[in-house]
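Please read these numbers as outputs of a predicted model, since none were measured by experiment.
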Amino acid sequence: MADGSSRLELLHFARRVIVQQAQASLAQVDAWIADKERRQAERERRWQARPPSPDWLLERGMNSRSGPVYVHMGGCWNAGKRSDGVSREQIVRALAEGVSACSHCQPDTELGFVDG
(Lines give C-alpha, C1' and ligand atoms only; values in the text may rest on other atoms or scores of the structure.)
Protein backbone atom coordinates (compact mmCIF):
# COMPACT_ATOMS: atom_id res chain seq x y z
CA MET A 1 0.00 0.00 0.00
CA ALA A 2 2.94 2.33 0.57
CA ASP A 3 3.67 2.20 -3.14
CA GLY A 4 0.18 3.47 -4.03
CA SER A 5 0.28 6.36 -1.56
CA SER A 6 3.73 7.49 -2.76
CA ARG A 7 2.44 7.51 -6.35
CA LEU A 8 -0.58 9.49 -5.20
CA GLU A 9 1.76 12.00 -3.49
CA LEU A 10 3.79 12.28 -6.68
CA LEU A 11 0.65 12.87 -8.72
CA HIS A 12 -0.45 15.61 -6.30
CA PHE A 13 3.03 17.12 -6.49
CA ALA A 14 2.95 16.98 -10.30
CA ARG A 15 -0.44 18.69 -10.28
CA ARG A 16 0.87 21.50 -8.03
CA VAL A 17 3.85 22.02 -10.36
CA ILE A 18 1.60 22.14 -13.42
CA VAL A 19 -0.76 24.63 -11.71
CA GLN A 20 2.19 26.84 -10.75
CA GLN A 21 3.57 26.74 -14.30
CA ALA A 22 0.16 27.47 -15.75
CA GLN A 23 -0.30 30.42 -13.40
CA ALA A 24 3.13 31.77 -14.35
CA SER A 25 2.35 31.31 -18.05
CA LEU A 26 -1.03 32.95 -17.63
CA ALA A 27 0.57 35.87 -15.79
CA GLN A 28 3.05 36.29 -18.67
CA VAL A 29 0.25 36.24 -21.25
CA ASP A 30 -1.74 38.74 -19.16
CA ALA A 31 1.32 41.03 -19.08
CA TRP A 32 1.68 40.78 -22.86
CA ILE A 33 -2.01 41.59 -23.31
CA ALA A 34 -1.80 44.59 -20.96
CA ASP A 35 1.28 45.89 -22.80
CA LYS A 36 -0.42 45.51 -26.19
CA GLU A 37 -3.58 47.25 -24.93
CA ARG A 38 -1.49 50.11 -23.48
CA ARG A 39 0.37 50.61 -26.78
CA GLN A 40 -2.89 50.49 -28.75
CA ALA A 41 -4.48 53.07 -26.42
CA GLU A 42 -1.41 55.33 -26.87
CA ARG A 43 -1.69 55.06 -30.67
CA GLU A 44 -5.39 55.93 -30.51
CA ARG A 45 -4.69 58.94 -28.25
CA ARG A 46 -1.99 60.18 -30.65
CA TRP A 47 -4.34 59.67 -33.60
CA GLN A 48 -7.15 61.64 -31.92
CA ALA A 49 -4.76 64.40 -30.79
CA ARG A 50 -3.36 65.07 -34.27
CA PRO A 51 -4.20 68.46 -35.70
CA PRO A 52 -6.96 68.57 -38.31
CA SER A 53 -5.81 68.49 -41.91
CA PRO A 54 -5.89 71.85 -43.66
CA ASP A 55 -8.62 72.66 -46.18
CA TRP A 56 -6.13 74.03 -48.72
CA LEU A 57 -2.51 73.19 -49.63
CA LEU A 58 0.14 75.15 -51.47
CA GLU A 59 2.90 72.96 -52.91
CA ARG A 60 6.35 74.53 -53.18
CA GLY A 61 8.91 73.80 -55.88
CA MET A 62 12.01 71.63 -55.54
CA ASN A 63 14.31 74.30 -54.09
CA SER A 64 13.82 77.05 -51.55
CA ARG A 65 13.99 79.83 -54.16
CA SER A 66 11.21 78.48 -56.36
CA GLY A 67 7.72 79.66 -55.61
CA PRO A 68 4.57 77.59 -55.31
CA VAL A 69 3.91 75.19 -58.16
CA TYR A 70 0.51 73.66 -57.35
CA VAL A 71 -2.62 74.43 -55.40
CA HIS A 72 -4.43 71.46 -53.80
CA MET A 73 -7.48 70.80 -51.70
CA GLY A 74 -6.65 69.45 -48.24
CA GLY A 75 -6.27 65.67 -48.23
CA CYS A 76 -5.36 65.46 -51.94
CA TRP A 77 -3.50 62.23 -52.56
CA ASN A 78 -1.34 63.98 -55.15
CA ALA A 79 -0.05 66.76 -52.89
CA GLY A 80 3.71 66.57 -52.51
CA LYS A 81 5.66 66.51 -49.27
CA ARG A 82 6.57 70.16 -49.77
CA SER A 83 2.95 71.23 -49.29
CA ASP A 84 1.82 73.59 -46.55
CA GLY A 85 -1.66 74.29 -45.26
CA VAL A 86 -2.83 77.78 -46.18
CA SER A 87 -5.99 79.87 -46.02
CA ARG A 88 -8.66 80.05 -48.69
CA GLU A 89 -7.56 83.61 -49.44
CA GLN A 90 -3.98 82.52 -50.06
CA ILE A 91 -5.20 79.82 -52.46
CA VAL A 92 -7.35 82.27 -54.40
CA ARG A 93 -4.41 84.68 -54.60
CA ALA A 94 -2.08 81.91 -55.79
CA LEU A 95 -4.55 80.88 -58.50
CA ALA A 96 -4.92 84.51 -59.57
CA GLU A 97 -1.13 84.78 -59.81
CA GLY A 98 -1.00 81.79 -62.15
CA VAL A 99 -0.11 78.91 -59.83
CA SER A 100 -1.42 75.70 -61.40
CA ALA A 101 -4.39 73.94 -59.85
CA CYS A 102 -3.99 70.22 -59.21
CA SER A 103 -5.71 68.32 -62.01
CA HIS A 104 -6.77 65.58 -59.59
CA CYS A 105 -8.50 67.44 -56.76
CA GLN A 106 -9.36 70.52 -58.87
CA PRO A 107 -9.39 73.22 -56.20
CA ASP A 108 -10.09 75.88 -58.82
CA THR A 109 -13.38 74.19 -59.66
CA GLU A 110 -14.24 73.84 -55.97
CA LEU A 111 -13.62 77.55 -55.46
CA GLY A 112 -15.50 78.56 -58.60
CA PHE A 113 -12.32 80.30 -59.71
CA VAL A 114 -12.47 81.71 -63.22
CA ASP A 115 -9.23 83.05 -64.62
CA GLY A 116 -9.93 86.39 -66.01
How close do [X] and [Y] get, heavy atom to heavy atom, and via which atoms?
X      : Y     : value
Ala101 : Leu95 : CB-CD2, 3.9 Å
Gly80  : Glu59 : N-OE1, 3.3 Å
Val69  : Gly61 : CG1-CA, 3.9 Å

Answer yes or no: is there a donor N or O on one side and an acceptor on the other, between the side chain of Arg88 and the main chain of Trp56, under 3.5 Å? no

Nearest 0.5 Å, what's the [atom1]-[atom2] distance between [X] and [Y]?
X      : Y      : atom1 : atom2 : value
Leu57  : Cys102 : CG    : SG    : 9.5 Å
Glu110 : Ile91  : CD    : CD1   : 12.0 Å
Leu11  : Phe13  : CG    : CZ    : 11.5 Å
Asn78  : Ser83  : CG    : OG    : 9.0 Å

Carefully, step by step, assess Glu42 and Arg38 under the rule salt bridge (Lys or Arg N to Asp or Glu O under 4.0 Å). CA-CA 6 Å; Glu42 287 172 2; Arg38 178 188 53 77; 3.0 Å; yes

Residues which pass side chain to side chain contact (heavy atoms under 4.5 Å, CB included) with [X], listed by chain and number, not counting sequence neighbours:
X     : value
Pro68 : Leu58, Val99
Gln20 : none
Trp47 : Arg50

When clusters are formed by joining ILVMFWY residues with side-chain heavy atoms under 4.5 Å apart, either directly or through shared neighbours, do Met73 and Val71 land in the same one? yes

Transitively linked via ILVMFWY side-chain contacts under 4.5 Å: Val86 with Val92? yes

Quick one, Gln40 with Glu37, criterion side-chain contact (heavy atoms from CB on, under 4.5 Å). Give me CA distance, side-chain angles, the key distance, then yes/no. CA-CA 5 Å; Gln40 183 175 349; Glu37 288 173 340; 5.6 Å; no

Any side-chain heavy-atom pair of His72 and His104 under 4.5 Å: no

Side-chain heavy atoms of Glu9 within contact of His12, under 4.5 Å: no

